[in-house]
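One structure is given below, encoded as structure tokens.
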Amino acid sequence: MLILAFRFYLFLLLGSAIALIFAIFFNLSLGIEIILIFDSILLGIAIFDGWRMKRDRIEIKRDIIPHLSIGRDNVIVLSITSKNQATEICIKDRYPLEFDVSSSQLETFIDKNSSQNITYTVNPKQRGEYQWGNIQIRQLSPWRLVWYDWQITANQTIKVYPDLIALKELSLRLTLENTGSLPKNRRLGMGTEFAELREYRLGDDPRFIDWKATARRSRPVVRILEPEKEQTVIILLDRGRLMTAQVQGLKRFDWGLNATLSLALAGLNRGDRVGIGIFDREVVTWIPPQRGQHQLSKLIERLTPLQPVLLEPDYVGAVTQLVNQQTRRALVVLITDIIDNTASTELLSALARLTPRYLPFCVTLRDTQIDQIAHPTNGSLTQVRQGEITQAYQQAVALDLLTQRQIAFGKLKQKGVLVLDAPANLISQKLVDQYLQLKARNLL
């Protein structure tokens with residue numbers, strides 16, 4: 001399809017002006033004849049110009065990874081190849097409407113017989129399958145009189161997974177730590193299993209000098225220990241009512257799922273067995289603990305389709321099933337949220353059953369918006385003084401919620417339960433760091 005360009009209208013306006021001059025100073029019928037002839041010639045030239053563009057249509061190929069990450073800017077690459085004409089193009093890729101996109105329309109200029117890549121990003125907010133449509137293209141003709149508009153068939157189905165980009169970054173970080181390229185958790189006295197011998201360095205603790213090796217080598221040598229491997233980590237992820245709430249653009253359950261997979265990756269990387277249970281009123285998914293990187297792929301495929309539901313979680317039931325299936329000591333990480341005394345009492349009762357045989361660890365995802373309401377800025381305080389009763393009420397409710405959370409955390413700590421309460425967008429990183437510290441301190 002041909003669409004008239006801006007230059008065509010300029011020429012059309014010029015022809016109208018010339019015809020108007022002839023109509024005023026000479027003859028009206030002559031002016032009409034001139035404008036009709038001029039417009040016909042201009043239209044013919046435009047059609048010819050567009051026909052030439054049709055022969056030299058550019059080629060575009062979409063390069064998209066089949067597994068997109070939720071809540072992340074995923075890069076989409078469009079590879080463009082031109083033929084015998086340099087041209088200006090406008091591109092509209094038919095991405096799923098549910099995605100946030102960096103640019104809905106792309107524009108570029110490409111030289112003749114050349115290739116070029118242009119990129120944009122999409123940010124999906126929900127997991128699932130989505131349909132990508134065709135690529136709509138407008139290509140400007142050589143004389144810039146018309147746009148040639150057409151579509152390239154590029155339908156494809158893609159899946160939105162949990163945050164795979166964060167998992168890749170974490171995997172790289174753990175690999176660098178293992179190879180010594182970054183500061184590691186394997187240090188003097190941090191662990192129980194022997195890892196290696198190395199020469200004494202300034203600042204090393206003399207208590208870890210290996211005197212026999214020192215005598216053999218005639219220079220000080222220290223023993224490097226690493227945390228014990230083949231331990232067990234069980235992650236219980238709540239998918240009940242509170243996990244359906246939106247926090248910083250994603251459902252709380254999605255933040256929890258990202259943290260679950262991050263912790264699983266860290267555990268598998270450190271040689272531990274990792275198992276996962278997803279529960280609401282009952283345990284809907286149970287993946288027994290295993291070692292090896294194949295376990296991570298299994299976890300991603302099994303957990304990606306799951307969604308939160310509007311049901312109250314049964315903490316006691318989930319813990320009871322875990323105790324029946326996992327008889328060996330394990331680190332039990334329960335990812336959920338706390339909002340009132342009733343829920344925290346049930347959670348306390350469930351986690352108390354795990355001590356001292358297991359090491360219970362309660363992880364909650366905090367909404368920073370509640371913190372901001374509870375502790376407003378000076379400008380917000382001024383509004384309250386001026387009579388903003390609604391805001392004052394919201395602040396009182398937020399402060400009460402935070403107080404109840406702190407009381408619940410205090411009770412959990414008294415029972416020997418480890419607690420981590422962090423903003424949803426930071427929960428994965430903080431949970432992995434806490435796990436690595438537990439491993440280094442041999443608390444598992």
Side-chain angles (χ1 to χ4, degrees), residues 58-80 89-108 110 116-139 149-171 237 239 243-262 265 278 296-297 299-310 365 367-369 423-429:
I58 61 171
E59 297 178 357
I60 295 184
K61 180 181 178 182
R62 181 197 298 132
D63 184 12
I64 178 174
I65 56 176
H67 303 154
L68 300 182
S69 295
I70 188 173
R72 286 278 193 156
D73 288 334
N74 299 265
V75 178
I76 311 301
V77 180
L78 298 178
S79 302
I80 309 171
I89 56 175
C90 294
I91 304 172
K92 187 173 182 61
D93 198 4
R94 301 297 182 183
Y95 54 85
L97 297 179
E98 297 87 349
F99 293 177
D100 293 338
V101 63
S102 60
S103 178
S104 59
Q105 182 170 297
L106 305 171
E107 299 180 1
T108 188
I110 184 170
Q116 179 180 329
N117 290 339
I118 58 176
T119 63
Y120 69 101
T121 60
V122 294
N123 192 322
K125 299 301 183 182
Q126 291 187 354
R127 288 171 289 112
E129 285 191 353
Y130 295 89
Q131 188 67 30
W132 220 286
N134 295 329
I135 303 175
Q136 189 77 29
I137 304 169
R138 285 187 180 180
Q139 185 173 350
D149 184 272
W150 85 100
Q151 284 188 356
I152 292 180
T153 302
N155 291 309
Q156 66 181 122
T157 301
I158 55 93
K159 287 186 177 181
V160 176
Y161 279 73
D163 193 353
L164 301 181
I165 295 177
L167 293 180
K168 292 180 182 178
E169 294 172 350
L170 176 60
S171 179
L237 176 59
R239 72 159 193 167
M243 305 300 281
T244 63
Q246 290 279 340
V247 178
Q248 295 179 314
L250 296 181
K251 291 180 180 178
R252 188 177 271 114
F253 178 78
D254 286 309
W255 291 115
L257 183 57
N258 291 340
T260 297
L261 294 174
S262 294
L265 172 60
I278 310 295
L296 182 64
S297 300
L299 296 176
I300 293 174
E301 293 300 326
R302 290 280 303 275
L303 301 181
T304 294
L306 298 178
Q307 298 291 343
V309 293
L310 291 172
L365 298 90
D367 187 352
T368 55
Q369 186 176 2
N425 61 320
L426 300 177
I427 198 67
S428 296
Q429 175 184 342

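Since the structure is predicted, the reported quantities are computational estimates derived from the model, not experimental observations.
No donor-acceptor pair under 3.5 Å is formed between the side chain of Glu98 and the backbone N or O of Gln126. Side-chain atoms of Asn134 come within 3.5 Å of backbone N or O of Ala154 as a donor-acceptor pair. Listed for the Trp255 side chain is a donor-acceptor partner under 3.5 Å among the backbone atoms of Val247. Checked by atom type and distance alone, the side chain of Ser69 pairs as donor or acceptor with a backbone atom of Leu164 at under 3.5 Å. A side-chain donor-acceptor contact under 3.5 Å links Asn74 to the backbone of Arg72. No donor-acceptor pair under 3.5 Å is formed between the side chain of Arg239 and the backbone N or O of Leu306. For the pair Thr304 (side chain) and Ile300 (backbone), a donor-acceptor distance under 3.5 Å is present.
Remark: Gln369 CD is loosely packed, at most 12 non-hydrogen atoms of other residues, nucleotides or ligands lying under 6.0 Å away.
Looking at Cys90 and Ile137, their side chains never come closer than 4.5 Å, going by heavy atoms from C-beta outward. Between Gln307 and Arg127 the shortest side-chain heavy-atom distance falls below 4.5 Å. For the pair Arg252 and Asp367, the minimum side-chain heavy-atom distance is below 4.5 Å. Annotation: side chain of Ile80 is in contact with side chain of Ile91 (closest heavy-atom distance under 4.5 Å).
Neither side chain, Gln131 nor Asn155, offers a donor N or O lying under 3.5 Å from an acceptor on the other. Judged by distance alone, the side chains of Arg94 and Gln151 never bring a donor and an acceptor atom under 3.5 Å apart.
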Given Asp73 and Ser102, is the side-chain contact (heavy atoms from CB on, under 4.5 Å) satisfied, shown in steps?
CA-CA 9 Å; Asp73 288 334; Ser102 60; over 6 Å; no
Please lay out, stage by stage, how Trp132 and Ile76 fare under the test side-chain contact (heavy atoms from CB on, under 4.5 Å).
CA-CA 12 Å; Trp132 220 286; Ile76 311 301; 4.0 Å; yes
Met243 vs Leu365, side-chain contact (heavy atoms from CB on, under 4.5 Å): CA-CA, chis, key distance, verdict
CA-CA 9 Å; Met243 305 300 281; Leu365 298 90; 4.1 Å; yes
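Using a 30° and 60° split on the angle between ring planes, Tyr120 and Tyr95 fall in the tilted class, from 30° to 60°.
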